[in-house]
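This structure is a prediction, so every number in the text was calculated from the model and none was measured. Per chain, numbering begins at 1; letters A, B, ... match sequence-line order.
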Amino acid sequence: MQRVFPFFLEAAWVTILLSLLTAILGLVCAILGTFARLSRFWALRMLGATYVSIFRGTPALIQLFILYFGGPQIGIQLDAFEAGVIGLGVNVGAYMTETMRGAIISVDKGQAEAARTLGMSRWQAMRSVILPQAMRLMIRPLGVNLNTLVKSTALVAAISVVELTYTAQRYIGSTYKPFEMFLIAGVLYMIIIYIVGLGVAWADRKAQLH
Amino acid sequence: MSDQKPFIDIRHAQKSFGTLEVLKDISLQVDRGQIVAIIGPSGSGKSTLLRAINDLDPLTGGEVWLEDKQINKTLPHRQYEKHINEVRQEIGMVFQHFNLFPHLKVRENVTLAPKMLKGLSDDDANALAEEQLTKVGMIERIDYYPSQLSGGQKQRVAIARALAMKPKVMLFDEATSALDPELVEEVNLVMKKLAEEHMTMIIVTHEMSFAESVCDRVLFMDQGVVVEEGPPEVIFRNPKSERTQHFLRNHLAAAG
């Protein structure tokens with residue numbers, strides 16, 4: 001038992017790194033997706049809506065499989081970790097797009113009207129009036145996206161990234177203790193998610209103090 | 001006919017939402033310094049008319065002019081945006097629900113647009129904010145957030161925010177309708193002060209006594225048309241139209 005522990009800690013580190021990179025990629029995708037969804041151009045709005053419906057409308061596992069196993073067939077060669085980050089990042093980006101868009105459109109319409117009647121452009125009103133208020137509204141739901149994201153990283157075990165879930169499975173063979181192995185993985189996930197939750201709560205508190 | 005053009009000229013304003021026609025060929029001229037009240041039952045189109053003046057609710061027919069500029073021009077998107085943003089700087093607007101920016105302090109609510117759109121320095125913008133907030137009696141609350149103010153105080157800050165752009169005309173869209181009765185007077189006083197300074201104002205209101213005491217002209221609107229217009233003493237004391245009489249009677253009864 002004690003001999004496997006260092007491997008679990010190493011795997012936890014991989015899960016953390018995976019979550020971090022995925023979150024960053026997801027946020028980038030979500031910012032682009034939100035711009036597209038709220039664009040005044042029809043084509044961009046369609047593009048954004050298509051992105052969201054494809055990646056929310058199919059299992060993340062299938063998306064990973066297509067990218068990792070199907071990718072080479074169309075000339076995309078990625079190692080398992082890269083495929084994991086890109087696959088999950090683009091996937092969580094679709095969810096975050098809807099979170100951000102939801103926060104922006106739930107800012108009272110009167111705010112944009114007041115800004116526009118003062119003579120601000122659409123973009124000026126967005127930047128200095130709508131977005132600062134939307135940011136406050138989106139921190140908590142983005143936290144939910146992050147929580148889901150950390151747990152989704154377990155999926156990349158299926159494409160052989162050596163993270164927590166994969167490591168647990170691997171040491172069942174040598175220890176014959178599936179209960180303990182998965183329990184260790186579960187506790188480590190919980191610790192990571194707890195820390196993420198603390199971070200989100202801190203950011204939310206900070207944002208609400210005007 | 002005088003060859004002096006009206007300050008604000010609304011010509012044959014028409015507005016439909018789908019098959020519903022909310023403004024039916026309305027024309028209205030307002031001279032510089034004039035104060036016009038628009039009264040009428042809800043759904044009569046009075047707010048829509050007011051919001052058409054700065055193209056917030058664009059008309060489906062007719063024209064709106066401010067001095068020698070047509071406001072509701074049809075232009076390619078970029079040109080229209082540039083045009084309307086310039087025009088709107090000259091037209092202050094005050095809303096029923098104040099629409100103060102809750103993430104900004106009172107001071108920043110007032111200085112935001114002048115800094116952004118007129119390039120005012122911090123010092124100049126602060127001096128401007130202090131001047132406008134003094135005028136509306138809110139200087140003591142300059143470093144408060146909107147959430148820390150009463151409704152009447154919020155509305156006074158909203159008026160200061162609009163005035164800071166040095167508009168040529170002020171539009172009031174039921175500025176006191178959302179206020180508790182005891183807070184109405186402080187906002188009315190600020191509007192009276194503006195009237196004394198000969199600010200051109202168009203006021204959509206349910207406050208008949210205020211309209212009577214402040215305005216030069218009153219328009220009574222119902223179902224998308226101007227039923228009757230004239231000086232307040234005529235509209236309120238001696239209305240010709242049956243519909244105006246009926247509305248005022250009901251209104252007085254409701255006001256108890």
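In terms of non-hydrogen atom pairs under 4.5 Å with chain A, the most contact-rich of Met116(B), Glu81(B), Met165(B) is Met116(B). Here Leu117(B) is the residue among Asn54(B), Asp55(B), Leu117(B) with the most heavy-atom pairs under 4.5 Å with chain A. Across Arg161(B), Glu86(B), Met93(B), the residue that shares the most heavy-atom pairs under 4.5 angstrom with chain A is Arg161(B).
The local environment of CZ in Phe35(A) is sparse, with at most 12 non-hydrogen atoms from other residues, nucleotides or ligands closer than 6.0 Å. Dense packing is recorded around CZ of Phe17(B), with more than 12 heavy atoms of other residues, nucleotides or ligands lying under 6.0 Å away.
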Show your reasoning for whether salt bridge (charged side-chain N to carboxylate O under 4.0 Å, His left out) applies to Lys166(B) and Glu131(B).
CA-CA 12 Å; Lys166(B) 309 280 181 192; Glu131(B) 178 196 340; 3.7 Å; yes
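When heavy atoms are compared at a cutoff of 4.5 Å, Arg51(B) approaches chain A solely by way of its side chain, counted from C-beta outward. For a residue to count as touching a neighbouring chain, one of its non-hydrogen atoms must lie under 4.5 Å from one of that chain's; by this rule Gln89(B) touches chain A with backbone and side chain alike. For chain A, the nearby part of Ile91(B) is the backbone; its heavy atoms alone come within less than 4.5 Å. In this structure, the portion of Phe95(B) lying under 4.5 Å from any heavy atom of chain A is its side chain and not its backbone. Within the 4.5 angstrom heavy-atom criterion, only side-chain atoms of Ile84(B), from C-beta onward, approach chain A.
Cation-pi geometry between Arg170(A) and Phe7(A) is not met: the NZ or CZ atom fails to fall both under 6.0 Å from the ring centre and inside 45° of the normal.
Counting heavy atoms from C-beta outward, Asn147(A) and Val200(A) have side chains that stay 4.5 Å or more apart.
Thr176(B) and Gln155(B) share no donor-acceptor pair across their side chains, judged by distance under 3.5 Å alone.
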